[in-house]
Amino acid sequence: MATLTSHKKLRYQPNVSEFLALCGRNYGYMQKWLPLDIAVGQSWQLEGEFGALLIRVLENTKYTQLVEISRPLKLIEFVNTPKVLVRVYHDAKLAEVLTGQQIYQLRPVYDYPNLRMYHRDEKYQVNAFLGELLKIGCQQRLVCQS
């Protein structure tokens, strides 16, 4: 006797606790080198064992900062420079990616498949990528650029 099985796909549910933990870790990495009283427009470079990060402060308010983080590459004609725009929430102690290289506004969840082939958890993936970028700056040497 054949049994009927449902082929209904389960809807993706983001794990908010896991996402907030990731944003908290990213905030912890950034606090090692991001001063609160830095001037808007100021930039500097962190040089670590595995590369460098270029940091630029775009906005500085009482409780948040908007920071652009990129990783300069030597082979720029072959690969785009990885760049993210990060909102740092000092009151909540979180750092969240607002935009990525080709994504100008991240949504919490994407349908899959989609036209741009984003993952269902693209927002989590981009923030995890930020975590990997920030590991470069963990053991850093500052080079001011203003």
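This chain uses plain numbering: 1 for the first residue, then up along the sequence.
Ring geometry, Tyr124 versus Phe19: the interplanar angle falls from 30° to 60°, so the pair is classed tilted.
At a threshold of 4.5 Å between side-chain heavy atoms, the hydrophobic network of Ile, Leu, Val, Met, Phe, Trp and Tyr places Tyr63 and Leu85 in two separate groups. Hydrophobic clustering keeps Val67 apart from Val40 (ILVMFWY residues linked when any side-chain heavy atoms are closer than 4.5 Å, directly or through intermediates).
With Asn26 contributing its side chain and Asn127 its backbone, the two residues share a donor-acceptor pair below 3.5 Å. A donor-acceptor contact shorter than 3.5 Å links the side chain of Gln65 to the backbone of Pro35. Between the side chain of Asn60 and the backbone N or O of Ile38 there is at least one donor-acceptor pair closer than 3.5 Å.
Side-chain contact between Gln31 and His90: present, with at least one pair of heavy atoms (C-beta onward) separated by less than 4.5 Å. Considering only heavy atoms from C-beta on, Ile69 comes within 4.5 Å of Leu130 through its side chain. Using a 4.5 Å heavy-atom threshold, the side chains of Glu68 and Val84 count as separate. A heavy-atom distance below 4.5 Å is not found between the side chains of Glu96 and Val86.
Annotation: the span from Thr99 atom OG1 to Arg87 atom CZ amounts to 10.5 Å, rounded to 0.5 Å. Taking NZ from Lys93 and OH from Tyr27, the interatomic distance works out to 5.0 Å, rounded to the nearest 0.5 Å. Separating the CH2 atom in Trp33 from the CD1 atom in Ile55 is a distance of 3.5 Å, to the nearest 0.5 Å. One distance of note links CG of Leu94 with OG1 of Thr64; it measures 12.0 Å at 0.5 Å rounding. The distance from atom CG of Leu58 to atom OG of Ser43, rounded to the nearest 0.5 Å, is 10.0 Å. Atoms CD and SG, from Glu18 and Cys23 in turn, are 11.0 Å apart once rounded to the nearest 0.5 Å.
Here the closest non-hydrogen pair linking Pro72 and Ala52 is CD-O, 3.5 Å.
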Point to revise | Worked verdict on Leu133 versus Arg71 for side-chain contact (heavy atoms from CB on, under 4.5 Å) | key: CA-CA 8 Å; Leu133 277 179; Arg71 180 165 186 223; 4.0 Å; yes
Point to revise | Test side-chain contact (heavy atoms from CB on, under 4.5 Å) applied to Trp44 and Val57, step by step | key: CA-CA 9 Å; Trp44 66 94; Val57 175; 3.9 Å; yes
Practice item. Apply the test side-chain contact (heavy atoms from CB on, under 4.5 Å) to residues Leu53 and Gln45: give CA-CA distance (whole Å), side-chain angles for both, the deciding distance (0.1 Å), then the verdict. Key: CA-CA 6 Å; Leu53 293 179; Gln45 187 166 322; over 6 Å; no
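The number of heavy atoms from other shown groups lying within 6.0 Å of CZ (Arg56) does not exceed 12.
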